[in-house]
Amino acid sequence: MASENPVASPQAKLTHADGRPIRALVVDDEVTLSELLQMALRYEGWDVRTAPDGQQALKAAREFDPDVVVLDIMMPDVDGLEVIRRLRADGRNMPVLFLSAKDSVDDRITGLTAGGDDYVTKPFSLEEVVARLRGLIRRSVLLIGEVESPELRVGDLTLNEESYEVYRAGTRIELTATEFELLRFLMRNNKRVVSKAQILDRVWSYDFGGRASIVEIYISYLRKKIDAFGAPMIHTVRGVGYMIKPAG
């Protein structure tokens, strides 16, 4: 069960650049838990909708078009892993935070490689979930004033931090929120090698118990998408880390 303490929120409330509230979808078959999360997120000023199972979650995602999803993994009809697979297959790339009673490193990696962007184990504090969701929203670049320049460019690859669009050689590339954040970190360090530890700290903010294999997995995902349109741009520097540089 989550902590029932009220969520203190001294930080400025997050909104879309045009002032619209953040839309959050909370999916969990535990009604009490859903209500607590709904209360905490509404206290943040967000527009919140809940769904008690996977089928209703998919219906709500189509109708509500959330900016972020809180998704329980263990559900009786369609589990959270299948829900996120269907969401991603539909081209919905909003950040997804998984909730689960399973806390092993392998379970975390399974959830994240399925397309999730963060993972919190039960029991948890409402404050932690809110803080992580705020971080995911910032990664999604929904806000004004988060970056000095909206566009990053490396060779024929461009990334726009305001529109959340990535193009290579004029072809648009669809990325999940975590893939986008990883690519942005690499591009902001153009021609510099970044270590797995630096990537974990910047993209995930914690280290999965010291396991860096999640970085290798997501680098592989990026390569399949980015390097499919030309010569390789993402390079491994053996024993050190990774680097992006113009092709050729």
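Below, all heavy atoms of this structure are taken into account, side chains as well, without hydrogens, waters or symmetry copies. We number each residue from 1, following the sequence as shown.
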Worksheet entry | Between Thr178 and Asp117: side-chain donor-acceptor atoms closer than 3.5 Å | yes

Discussion item. Working note: Arg85 + Asp79, criterion salt bridge (Lys or Arg N to Asp or Glu O under 4.0 Å); need CA distance, chi angles, decisive distance, verdict.
Written reply: CA-CA 10 Å; Arg85 288 188 187 104; Asp79 68 23; 5.1 Å; no

Item to complete: Provide the closest heavy-atom pair for Tyr119 versus Ile73 in the form atom of the first, atom of the second, distance.
Response: CE1-CD1, 3.7 Å

Practice prompt. Using a strict 4.0 Å threshold on nitrogen-to-oxygen distance, state whether Lys122 and Asp28 make a salt bridge.
Written response: yes

Worksheet, complete the sentence: Note: Ala40 and Val130 closest approach over all heavy atoms is CB-CG2, 4.1 Å

Worksheet item: Does Lys245 NZ have over 12 foreign heavy atoms under 6.0 Å away?
Response: no

Practice prompt. Verify the distance criterion only: is there a donor paired with an acceptor across the side chains of Thr32 and Glu30 at less than 3.5 Å?
Written response: no

Worksheet, complete the sentence: Note: Asp72 and Leu99 closest approach over all heavy atoms is OD1-O, 3.1 Å

Worksheet entry | Charged N-O contact under 4.0 Å between Asp47 and Arg42 | no

Fill in: Arg134 and its salt bridge (charged side-chain N to carboxylate O under 4.0 Å, His left out) partner, picked from Glu44, Glu127, Glu128
Glu44

Worksheet item: Quick one: side-chain hydrogen bond (donor to acceptor under 3.5 Å, both in side chains) pairs with a partner in residues 48-61, sequence neighbours left out?
Response: Asp53-Gln56, Lys59-Glu63

Fill in: Residue pair Pro246 / Lys191: nearest heavy atoms and the distance that separates them
CD-CE, 3.8 Å

Response to the item:
So the side-chain hydrogen bond (donor to acceptor under 3.5 Å, both in side chains) pairs with at least one residue in residues 224-236 (sequence neighbours excluded) are Glu179-Lys225, Arg223-Thr236

